[in-house]
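What follows is a short report on a single structure.
Order of appearance sets the numbers: ligands from 1, and atoms from 1 within every ligand.
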Amino acid sequence: MWGIIATWRMAVEGITKADEMLKEGADAGDAIETAIKEVEDFPYYKSVGYGGLPNEEMEVELDAAYMDGDTLDIGAVAAIKDYANPISIARRLSHEKVNCMLVGEGAEKFAHKEGFERKNMLTDRAKIHYRNRVKEVQQQEIKPYSGHDTVGMVCLDTHGKMTAATSTSGLFMKKKGRVGDSPISGSGFYVDSKVGGASATGLGEDLMKGCISYEIVRLMKEGMHPQEACETAVNKLDEELKERRGKAGDLSLIAMNNKGEWGVATNIEGFSFAIATENEKPIVYLTKNVDGKCIHEVASQEWLDNYMKTRTAPLEEK
Ligand code: SD4
């Protein structure tokens, strides 16, 4: 059995490549890194890698993590600038015994020393988004924090090895140095080949309050199917946040166990995810939470076409 599951429609090209590799017996580490790089390199995805939206100071600061479910090795970078593929740097760091999570300048210094590709990650299109947002915020006093799509994946290979990985530019207009859940073990991701893995997207500040990826793996370890584990963890955190704080941020989670069974839960409208397994061709689903149960529907061709059209449409300066 093999499989890979990922947050958002944007991951489908990446997981298609990973699916080809896994079929041939590739390692879950190589497959997941390939899949995430594909998303990082595509300039029209506004919240991952090249073309990612900048922070308040118009700098693209990226977070990424990699975890090996056999050894429990973890590597992560946070608030790193000017490197093409943060996921590869995170994976490289996962082989270190200490100093596995590096931030900002320290991460850049490491990447430079190791010969990773430098790249200016701020595109002209992202600059337009930034300037438009600055104007919108001035004119309408709306909060600058919105528009986020982190890529998070869990992968199982034919040898039974599992991996998890994330990559993101975090929240648009975040403060310089702000780090979300994505590079934080247990929050943005967690995987244990003896059980399964999970990964998150949404409002990092709230996802971290529940260590929600770890919580899902823990529930799977207790015997829950990934779908039940995701729904239980997401509904519970959503409730707790509403009860204690009056509201809950966006929480969307994907998970897979070591049998290749998967689950997804969200507290928002229109969360999309992509999946490929030995039994399922790469496919995009949309999910919605109806009274605590998450119902997945295959995305229509019209929805898929529209997704790409809106992502790549010409952008006007306001
Ligand atoms: C963060 N969780 O930095 C990320 C953002 C995100 O979909 O997931 N966007 O808080």
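- Applying the 4.0 Å criterion to heavy atoms of Asp181 picks out, from ligand 1, the atoms 1 (C), 2 (N), 4 (C), 10 (O).
- Near Thr201, meaning under 4.0 Å from any of its heavy atoms, are these atoms of ligand 1: 6 (C), 7 (O), 8 (O), 9 (N).
- Within the 4.0 Å heavy-atom criterion, the part of Asp149 lying near ligand 1 is the backbone and not the side chain.
- Counting heavy atoms of neighbouring residues, nucleotides and ligands inside a 6.0 Å radius, atom NE2 of His112 does not exceed 12 of them.
- Only the side chain of Ser182 comes within contact range of ligand 1, with a heavy atom under 4.0 Å; no backbone atom does.
- Ligand 1 has Gly202 within reach: a non-hydrogen atom of the residue lies less than 4.0 Å from it.
- A salt bridge (Lys or Arg N to Asp or Glu O under 4.0 Å) check over residues 274-297, counting only residues at least two apart or in different chains, returns the pairs Glu231-Lys293.
- For the pair Lys119 and Tyr83, the cation does not sit on the ring face, since its NZ or CZ is not both under 6.0 Å from the ring centre and inside 45° of the axis.
- The atoms of ligand 1 that sit less than 4.0 Å from any heavy atom of Gly204 are 1 (C), 2 (N), 10 (O).
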**Prompt:** Given the rule in the side chain to side chain donor-acceptor pair (under 3.5 Å) test, do Asn267 and Asp238 qualify, once you have shown the distances and angles that lead to the verdict?
**Reply:** CA-CA 7 Å; Asn267 67 349; Asp238 183 66; 2.9 Å; yes
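- Considering each of Ile184, Asp63, Thr150, the one bringing a non-hydrogen atom nearest atom 6 (C) of ligand 1 is Thr150.
- For the pair Arg178 and ligand 1, a heavy-atom separation below 4.0 Å is found.
- For Lys23, the NZ atom is densely surrounded, since the number of other residues' heavy atoms within 6.0 Å is greater than 12.
- Applying the ring pair (Phe, Tyr, Trp, His ring centres under 6.0 Å) test to Trp262 and every residue at least two apart in sequence or in another chain returns Phe273, Tyr285, His296.
- Residue Gly180 has at least one heavy-atom neighbour below 4.0 Å for each of these atoms of ligand 1: 3 (O).
- Around atom CD of Glu222, more than 12 heavy atoms belonging to other residues, nucleotides or ligands sit under 6.0 Å away.
- Under 4.0 Å from ligand 1, not a single heavy atom of Met208 appears.
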